[in-house]
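The structure appears right after this line, and notes come after that.
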Protein chains: 2
Amino acid sequence: MTKLPDDVPDCMVFLLAKAYQKAHADFKKQLIPYGLTNLQHLVLEGLWYKQGMTAAQLGKFLILDKATLSGVLERMVKGGWIKKQINKKDKRLLSIYTSPKADNLKNDLTKERQKANQEILQGFSIEEKILFKRFLTDVINGG
Amino acid sequence: MTKLPDDVPDCMVFLLAKAYQKAHADFKKQLIPYGLTNLQHLVLEGLWYKQGMTAAQLGKFLILDKATLSGVLERMVKGGWIKKQINKKDKRLLSIYTSPKADNLKNDLTKERQKANQEILQGFSIEEKILFKRFLTDVINGG
DNA sequence: TTAAACTCCTTCGTATACGAACTATATAAA
DNA sequence: TTTATATAGTTCGTATACGAAGGAGTTTAA
């Protein structure tokens with residue numbers, strides 16, 4: 001990731017993309033020792049937040065397309081991170097649970113996430129951090 | 001894109017990802033009538049900024065991996081948006097130029113970009129806009 | 001001058017990301 | 001009850017995104 005030129009045409013999508021990619025790339029490196037990708041980590045966070053969510057609920061929680069989630073969940077089952085369980089009352093529904101292997105990493109992953117937050121917001125004052133998060137949520141919710 | 005829950009675990013990578021994805025999805029829709037993707041539009045902006053850049057220079061300008069750019073450029077040549085030209089002095093280098101078909105859309109695309117910026121920053125005061133952009137560039141450059 | 005080192009671009013592998021079409025299941029309506 | 005509609009997941013197609021390895025060309029160094 002190189003220095004951003006000063007005089008690019010003004011484009012918010014570009015700025016958001018590159019800020020995201022920078023943060024993503026750094027956190028990705030932090031997660032390599034755990035054998036987890038960024039998104040897979042988010043799936044675990046989602047399930048720890050509310051265990052047994054269906055794929056649809058998880059997708060809503062993570063603001064993620066069901067098509068994307070489908071593949072991620074498949075790889076996470078294969079990796080032993082989660083279990084899928086078909087709902088007996090409604091056979092369309094998949095309830096998803098974290099595995100013990102995942103749960104054992106919960107504290108470590110929380111620390112990694114906090115470390116990532118710190119590095120991303122390094123140099124930001126407390127007020128700026130709050131403001132920045134408000135701006136981002138405004139972009140997400142606004143429209 | 002649904003409403004963001006209030007009590008997610010604090011994760012900047014998530015916020016940045018979703019803010020980017022929201023902005024990206026909206027701009028993507030704007031670009032459909034032109035037959036261009038978001039990134040392809042950025043390639044044109046890059047070339048209008050400095051015509052004849054090599055793939056490596058363009059990648060640096062757009063903060064993009066050469067492997068990603070390679071495929072994008074191939075599709076853009078196929079679509080008639082750009083021309084690749086091998087440098088005679090150094091046969092490794094590809095100089096890249098926009099096509100007349102692309103140049104004809106320059107004004108329209110500029111307007112679309114400005115419209116996208118407005119929508120993303122809708123509700124932001126002038127000071128907030130400046131601050132937000134500073135925050136994002138800080139994330140990109142900082143580390 | 002010839003081998004080593006370097007650079008540019010492509011190709012491959014893997015993981016997002018999402019629209020669209022499809023299957024299976026469940027519910028609503030006629 | 002049978003049909004219509006709706007919902008949950010999967011699959012397919014296309015486009016990023018990037019690390020790693022490879023091929024071709026250039027430069028440096030012994």
Side-chain angles (χ1 to χ4, degrees), chain A residues 1-2 13-14 16-29 31-32 35-43 53-60 62-79 81-82 84-96, chain B residues 1-2 13-14 16-29 31-32 35-43 53-60 62-79 81-82 84-96:
Chain A
M1 207 64 81
T2 22
V13 183
F14 177 78
L16 286 165
K18 296 309 157 182
Y20 157 62
Q21 282 166 17
K22 172 71 162 61
H24 180 271
D26 291 347
F27 194 40
K28 184 181 174 182
K29 279 177 201 153
L31 288 178
I32 287 176
L36 282 167
T37 67
N38 226 299
L39 183 53
Q40 289 169 3
H41 153 267
L42 282 178
V43 167
M53 276 198 277
T54 65
Q57 289 171 331
L58 195 55
K60 201 165 284 181
L62 297 178
I63 315 179
L64 203 60
D65 195 275
K66 59 191 172 175
T68 305
L69 195 51
S70 187
V72 176
L73 294 180
E74 188 201 344
R75 286 185 286 277
M76 290 185 76
V77 168
K78 213 175 281 178
W81 299 107
I82 59 170
K84 285 180 182 176
Q85 199 173 300
I86 295 172
N87 190 302
K88 283 166 189 170
K89 288 179 187 169
D90 187 338
K91 290 172 195 162
R92 294 171 305 180
L93 305 181
L94 280 180
S95 292
I96 307 173
Chain B
M1 208 62 83
T2 21
V13 183
F14 178 78
L16 286 164
K18 296 309 155 179
Y20 158 61
Q21 282 166 17
K22 172 70 162 60
H24 180 271
D26 290 348
F27 193 40
K28 184 181 174 184
K29 278 177 201 155
L31 289 178
I32 287 176
L36 283 167
T37 67
N38 226 298
L39 183 54
Q40 288 169 4
H41 153 266
L42 283 178
V43 166
M53 277 197 277
T54 65
Q57 289 171 330
L58 195 55
K60 201 166 284 182
L62 297 178
I63 315 179
L64 204 59
D65 195 273
K66 60 193 169 173
T68 304
L69 195 52
S70 187
V72 176
L73 294 180
E74 189 202 342
R75 286 185 286 278
M76 290 185 77
V77 168
K78 212 175 282 179
W81 300 108
I82 59 170
K84 285 179 181 176
Q85 201 172 296
I86 294 171
N87 190 303
K88 283 167 189 169
K89 288 179 187 168
D90 187 338
K91 290 172 195 162
R92 294 171 304 178
L93 306 181
L94 280 181
S95 292
I96 306 172

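Side chains included, hydrogens not; waters and symmetry mates left out as well; all remaining heavy atoms used.
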Side chain of B:V72 only, please: which of D:dA8, C:dC8, D:dT16 is the nearest? D:dT16

Any B:K89 side-chain nitrogen or oxygen under 4.0 Å from OP1 or OP2 of C:dC8: no

Could you tell me the separation between the CD1 atom of B:I32 and the P atom of D:dA15, rounded to a whole number of Å? 13 Å

Contact under 4.0 Å: B:K88 side-chain N or O vs D:dG25 OP1/OP2: no

Would one find a side-chain N or O of A:Q21 under 4.0 angstrom from OP1 or OP2 of D:dT16? no

Rounded to whole Å, the NZ-P distance (B:K60 to C:dT7) equals 10 Å

Heavy atoms only, 4.0 Å cut-off, all strands: where does A:K29 land among base, sugar-phosphate and nothing? nothing

Looking only at side-chain N and O atoms, does B:R92 come under 4.0 Å of OP1 or OP2 in C:dT10? no

Between C:dA17, D:dG9, C:dT25, which nucleotide gets closest to the side-chain atoms of A:L64? C:dA17

C:dC9 C1' sits how many Å from B:L73 CG, rounded? 10 Å

Using atom NE2 of A:H24 as one end and atom P of D:dT16 as the other, report the distance to the nearest whole Å. 17 Å

Are B:R75 and B:W81 packed together at the side-chain level, in the sense that at least one heavy-atom pair is separated by less than 4.5 angstrom? no

Measure the shortest side-chain to side-chain distance between A:V43 and A:L62 over non-hydrogen atoms and say whether it is less than 4.5 angstrom. yes

5'-most contact on DNA chain D: A:A56 or B:L39, nearest heavy atom basis? A:A56

When the distance from CG of B:D65 to P of C:dC8 is rounded to whole Å, what number comes out? 14 Å

Presence of B:T37 side-chain N/O under 4.0 Å of D:dT16 phosphate oxygens OP1/OP2: yes

Look at A:S70 and D:dT11 and indicate whether a side-chain polar atom (N or O) is within less than 4.0 Å of OP1 or OP2. no

If you find the nucleotide of DNA chain C closest to A:D90 and the one closest to A:N38, which residue's nucleotide is nearer the 5' end? A:N38

Base of D:dG9, side chain of A:K66 - is there a donor-acceptor contact under 3.5 Å? yes

Rounded to the nearest 0.5 angstrom, the OG-NZ distance for B:S95 and B:K88 is 11.0 Å

Nearest nucleotide by nearest heavy atom, which residue falls closer to the 5' end of DNA chain C, B:L93 or B:T68? B:L93

Are any of B:Y20's side-chain N or O atoms less than 4.0 Å away from OP1 or OP2 of D:dT16? no

Inter-residue atom distance A:I96.CD1 - A:K84.NZ, 0.5 Å rounding: 7.0 Å

Side chains of A:Q21 and A:K18, donor plus acceptor under 3.5 Å: yes

Interatomic distance where NZ belongs to B:K91 and P belongs to C:dC8 [whole Å]: 17 Å

Which nucleotide sits closest to the side chain of B:A67: D:dG19, C:dT16, C:dT25? D:dG19

Side-chain N or O of A:Q40 closer than 4.0 Å to phosphate OP1/OP2 of C:dT16: yes

Rounded interatomic separation in angstrom, taking NZ from A:K28 and C1' from C:dT16: 10 Å

What is the distance, to the nearest angstrom, from the NE2 atom on B:H41 to the P atom on D:dA15? 18 Å

Measure up the A:Y20 and B:Y20 rings against each other and bin them: parallel (under 30°), tilted (30 to 60°), perpendicular (over 60°). parallel

